[in-house]
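Counting convention: from 1, in listed order, for ligands and their atoms alike. Everything numeric in this text was worked out from a predicted model, so none of it was measured.
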Amino acid sequence: MGDLGRHHGPIVCVVGARPNYMKMAPILRAFAAEPRLPRAMLVHTGQHYDLILNERLFEDLSLPRPDLNLGVGSGTHAVQTAEVMRGFDPVIDELRPCCVVVVGDVNSTLACALVAAKKGVPVVHVEAGLRSHDRSMPEEINRLLTDQLAAVLYTTERSAHHNLMREGIDPARVHFVGNVMIDSLLAHRARAVPPSETLQRAGAPLSILDHPAGYGVVTLHRPSNVDRPEVLSDVLATLREVSAELPLVCALHPRTRANIERFELSHLIDGPNMVVLPPQGYLEMLGLQASATLVLTDSGGIQEETTALAVPCLTLRENTERPVTVEQGTNTLVGRDRRLILNCVRDVLRNGGKRGRMPELWDGRAAERIASHLAQWLQRQPALAGA
Ligand code: UD1
């Protein structure tokens with residue numbers, strides 16, 4: 001191991017992409033309120049850089065401006081990961097942090113964990129132990145490796161503990177604290193933007209909100225669903241069929257929009273009951289989800305948000321790393337099977353679908369528990385305590 005005693009500077013918190021922001025916002029707030037913790041600094045890797053995927057969400061979540069932005073931008077996974085590592089390396093030398101906090105499973109998470117661990121700086125992983133058991137997902141690789149590198153692992157659900165034990169992680173490093181994303185959701189729920197306002201601002205017809213069945217919300221961006229023309233066209237054709245019974249509001253990720261154009265599939269999202277929006281702000285997405293009849297998605301975070309909002313969610317994937325949302329929440333895995341998807345939609349329209357219940361410790365206080373535990377943990381580190 002490296003010399004931990006060299007590192008007694010601030011806590012360095014890393015974000016890179018959209019799903020990181022709603023996790024880091026409550027953590028930074030809780031760290032600031034915990035007097036036993038050193039100062040926290042925010043480093044943005046620049047993995048996401050679009051105004052709407054990025055700055056707008058920072059505003060919605062009242063995230064402070066990052067102290068540093070590495071500006072890495074897009075690239076292949078190898079290039080993006082390597083660029084984050086290259087950018088983060090001197091940051092560790094300069095700041096000598098007492099620990100590096102990473103969240104979730106994006107390329108920036110793994111890249112910064114790897115740099116920190118090799119320099120002997122303890123890595124703290126928030127949302128540890130989730131496993132889809134599907135290594136064709138880039139996020140699964142990021143999760144597996146980040147957890148191997150982490151000194152402290154904070155988990156959101158009980159399944160995570162079992163996954164980590166199977167991988168030989170020392171149980172003393174693992175702490176079940178609840179879900180920081182739900183901290184954000186509960187803190188912002190009252191400020192959610194009404195769907196009528198969101199549609200109006202986008203110049204979309206409001207008539208969709210008067211449909212007796214209500215409306216569904218769609219988000220799609222997984223490479224497995226959107227990167228191959230035959231798959232994407234099949235998924236969009238299914239959604240078009242769904243829209244005949246339930247109007248759909250689709251918030252399109254840039255990757256998905258680009259592929260729809262490249263594969264010439266625009267006609268499939270151009271129906272009378274389909275509203276296509278650009279990526280939305282946090283408060284707009286919250287408002288759209290909260291009032292929806294159901295949500296169709298391949299996102300990880302939205303599976304959890306719909307469970308917390310008690311809105312039925314059909315996940316267009318074969319697996320989930322968040323099984324508590326299926327076992328206790330409102331989530332149903334439907335893959336891409338058109339019959340199954342239509343049957344599930346009809347079931348929701350007839351019977352209201354799964355209502356579920358709030359999973360254990362998804363109570364809005366996960367970040368506080370992290371701050372309090374981390375303060376004690378840092379005090380126990382001999383090299384740090386003596387510094
Ligand atoms: C990343 C995360 C994924 C997360 C998603 C949320 C990894 C491996 N994946 O996927 O887990 O659910 O973010 O959005 O880290 N692009 C823009 N503007 C941007 C960023 C990206 O237009 O600000 C476009 C680029 O064309 C880029 C593509 O989106 O090539 C993909 O971006 P990238 O950051 O590589 O991964 P995501 O698919 O967004």
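The shortest N or O to N or O distance between H77 and ligand 1 is not under 3.5 Å.
Nearest heavy atom pair, residue A117 against residue V123, reads N-CG2, 3.9 Å. Between A17 and V106, the closest heavy-atom pair is CB-CG1, 4.1 Å. The nearest pair of heavy atoms linking G214 to P247 is O-CD, 3.3 Å.
Of the protein's heavy atoms, Y49 OH, 3.7 Å lies nearest to atom 16 (N) of ligand 1. Scanning the protein heavy atoms around atom 25 (C) of ligand 1, the nearest turns out to be S74 OG, 3.5 Å. From the protein, the heavy atom lying nearest to atom 28 (C) of ligand 1 is R255 CB, 4.3 Å. From the protein, the heavy atom lying nearest to atom 2 (C) of ligand 1 is V106 CG1, 3.7 Å. In this structure, atom 24 (C) of ligand 1 lies nearest to the protein heavy atom P254 CB, 4.1 Å. Counting only heavy atoms of the protein, atom 20 (C) of ligand 1 lies nearest to H48 CD2, 3.3 Å. Atom 29 (O) of ligand 1 has as its closest protein heavy atom H253 CE1, 3.9 Å. Scanning all protein heavy atoms for the shortest distance to atom 8 (C) of ligand 1 gives N107 OD1, 3.3 Å.
At a 4.0 Å cut-off, at least one heavy atom of P19 sits close enough to ligand 1 to count as contact. Remark: distances from the non-hydrogen atoms of L53 to ligand 1 include one below 4.0 Å.
Qualifying side chain to side chain contact (heavy atoms under 4.5 Å, CB included) partners for P278, counting only residues two or more places apart in sequence or in other chains: Q280.
Judged by distance alone, the side chain of N20 and the main-chain N or O of G16 form a donor-acceptor pair under 3.5 Å.
Between H48 and Y21, the ring center distance fails the sub-6.0 Å criterion.
Legend: ring pair (Phe, Tyr, Trp, His ring centres under 6.0 Å) pairs involving residues 253-304, not counting sequence neighbours, sorted by first then second residue: H188-Y282, H221-H253.
For ligand 1, the atoms lying closer than 4.0 Å to a non-hydrogen atom of Q80 are 34 (O), 35 (O). Near H221, meaning under 4.0 Å from any of its heavy atoms, are these atoms of ligand 1: 4 (C), 5 (C), 6 (C), 12 (O).
Taking the six-membered ring where the residue is Trp, Y154 and H175 present tilted rings, their angle falling between 30° and 60°.
With Q289 as the fixed residue, the side chain to side chain contact (heavy atoms under 4.5 Å, CB included) test singles out one of T306, V311, L185: T306.
Proximity of E139 to ligand 1, defined as any heavy-atom pair under 4.0 Å, is confined to the side chain (atoms from C-beta onward).
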